[in-house]
Amino acid sequence: MSANNNQIERELEQTAPDLFKKYDFVKENLKPIHESVVQGASVADGGLLTGHGPAHIARVGEVASILVDQCPVELSSYEMFILLVAIQIHDIANIKGREKHEKRIPAIWKKAIAELAFDSFDKSLAEQIASAHGGKIGNDKNTIGRLEPDGPWNNQHVRPRFLAALLRVSDELAEDPDRAARTLLALDQVPKENEIFHIYAGGLHSIAPEISSSSVRLSFAFNEDLFLKPLGKGDQEEYLLDEIYSRAVKTWLECIYCSRFFPGFELKKVHVEILIFAKPDGDEDQIDQRKEHIRFYLEDDGYPRIGDAQIFNLSKDIGDFRGGGPLTAQRLIDILKPNEGEKEKKEASDVKNTGKKPSILDVVTGFFKPKNTGDAQ
């Protein structure tokens, strides 16, 4: 047994060594796939996918272990076995591209594991659970609801929806700096289309699910420069604050959805903390100092609404930030760099009025033009 095994793996090895051996066989045979997932996705889709390799798989297992350790119900040895196999296979089809990867698991499985080397019933159940971690069935996002709630499988009692919900929320909460290409970010070598995804992952230093308070905590730390300009996202650009907002809402929705299938507990709040640092007077030799501290939480405590969740309606903290209205990306720029914010607004106005951005020459000659003070000459 590896010292790096997560708690579920250690418990399975102790309680059901034969099942652990079957699981470990799958884990070892999938290593070459996991190690090549990001490369394969880049070949298929272009760009640079965030980490979906061995470190991410291990992190999903760690998060699942935290949840299982806290939840008020126990998993049987067989359920632990199926969950662990599902974790190992849930992202393997990314090696041929992101599109519908959750539906292409069997095609990659058979390349790594011979047909007669693993029980077909166990394989089928693990694939069903893994395939429910995202995507759609037709136009329906309710992939977990299509599974059986519970019942016998291969002479064992199992709860497929519960296991699928554990995997799905663990995958959602497995974002961390190890998924970011931090060296390439430092060298400015991450493709523009993937920029914001790597920066987001690189700044999300802690995720803590806490069943006792039905909540999840997301903790970020970034340099202020990352909030002052839009970042690449696909063929568009987006401000980092807006990306944090949209991802926080997605995390909240995933927690709410998966909680439908948790027996006796739920995750219904998402707490977000953002620390923004800057160098004193822009001096690179100085220690970073905290410049801004943003905290808010998402919780739908009113009458249920139909339609997309709006973050400013879900969080009063940023819906009326410090009594000045919503904390938008532009307002954060104004807070961090008051003069910069006014400058950007003026340039935007100039572009609107003249159809072009003022040149350096326009700015310089403007200083020498006579000012119209309204007084008669």
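FYI, side chains are in, hydrogens and waters are out, and symmetry mates aren't considered; it's all heavy atoms of this structure. Throughout, numbering of the chain's residues begins at 1 and tracks the sequence.
More than 12 heavy atoms of other residues, nucleotides or ligands lie within 6.0 Å of CZ in F227, so this atom counts as buried by the packing criterion.
No donor-acceptor pair under 3.5 Å is formed between the side chain of D150 and the backbone N or O of P160.
One finds a salt bridge joining R146 and D140 here, because a Lys/Arg side-chain nitrogen approaches an Asp/Glu carboxylate oxygen to under 4.0 Å. Of the charged side-chain nitrogens involved, none lies within less than 4.0 Å of a carboxylate oxygen, so that K229 and D225 do not count as a salt-bridged pair. Taking 4.0 Å as the cut-off between side-chain N and carboxylate O, K233 and E195 do not count as a salt-bridged pair. Between K250 and E172 a salt bridge is recorded (basic side-chain N to carboxylate O distance below 4.0 Å). Between E266 and R260, none of the side-chain N atoms (NZ, or NE/NH1/NH2) sits under 4.0 Å from a carboxylate O, so this pair counts as no salt bridge. The residues E237 and K192 are annotated as salt-bridged, a charged nitrogen and a carboxylate oxygen being separated by less than 4.0 angstrom.
A donor and an acceptor atom, one from each side chain of Y23 and E9, are located under 3.5 Å apart. One side chain, D171 or H90, offers a donor N or O that lies under 3.5 Å from an acceptor on the other. S170 and R59 share no donor-acceptor pair across their side chains, judged by distance under 3.5 Å alone. Under the 3.5 Å distance criterion, with hydrogens and angles disregarded, no donor-acceptor pair is assigned to the side chains of H157 and E79. A side-chain donor-acceptor contact under 3.5 Å links R179 and H52. With 3.5 Å as the limit, one finds no donor-acceptor pair spanning the side chains of E102 and S131. Between the side chains of N6 and R10, not a single donor N or O lies within less than 3.5 Å of an accepting N or O. Under 3.5 Å, the side chains of S42 and Q39 contain no donor-acceptor pair of N or O atoms.
Under the side chain to side chain donor-acceptor pair (under 3.5 Å) rule, T143 has a single partner from H133, R168, Q128, which is R168.
From E62, atom CD reaches atom CG of D176 across 8.5 Å, with rounding to the nearest 0.5 Å.
Note on L173 and I66: separate hydrophobic clusters, where clusters join Ile, Leu, Val, Met, Phe, Trp and Tyr whose side-chain heavy atoms are under 4.5 Å apart, directly or indirectly.
Ring planes of F222 and F220: parallel class, angle under 30° (limits at 30 and 60°).
In this structure, the ring of F265 has its center less than 6.0 angstrom from the ring center of F262. For an aromatic pair to be called close, the ring centres must be under 6.0 Å apart, and Y245 with Y239 fails this. If you look at F118 and W109, their ring centroids are closer than 6.0 Å.
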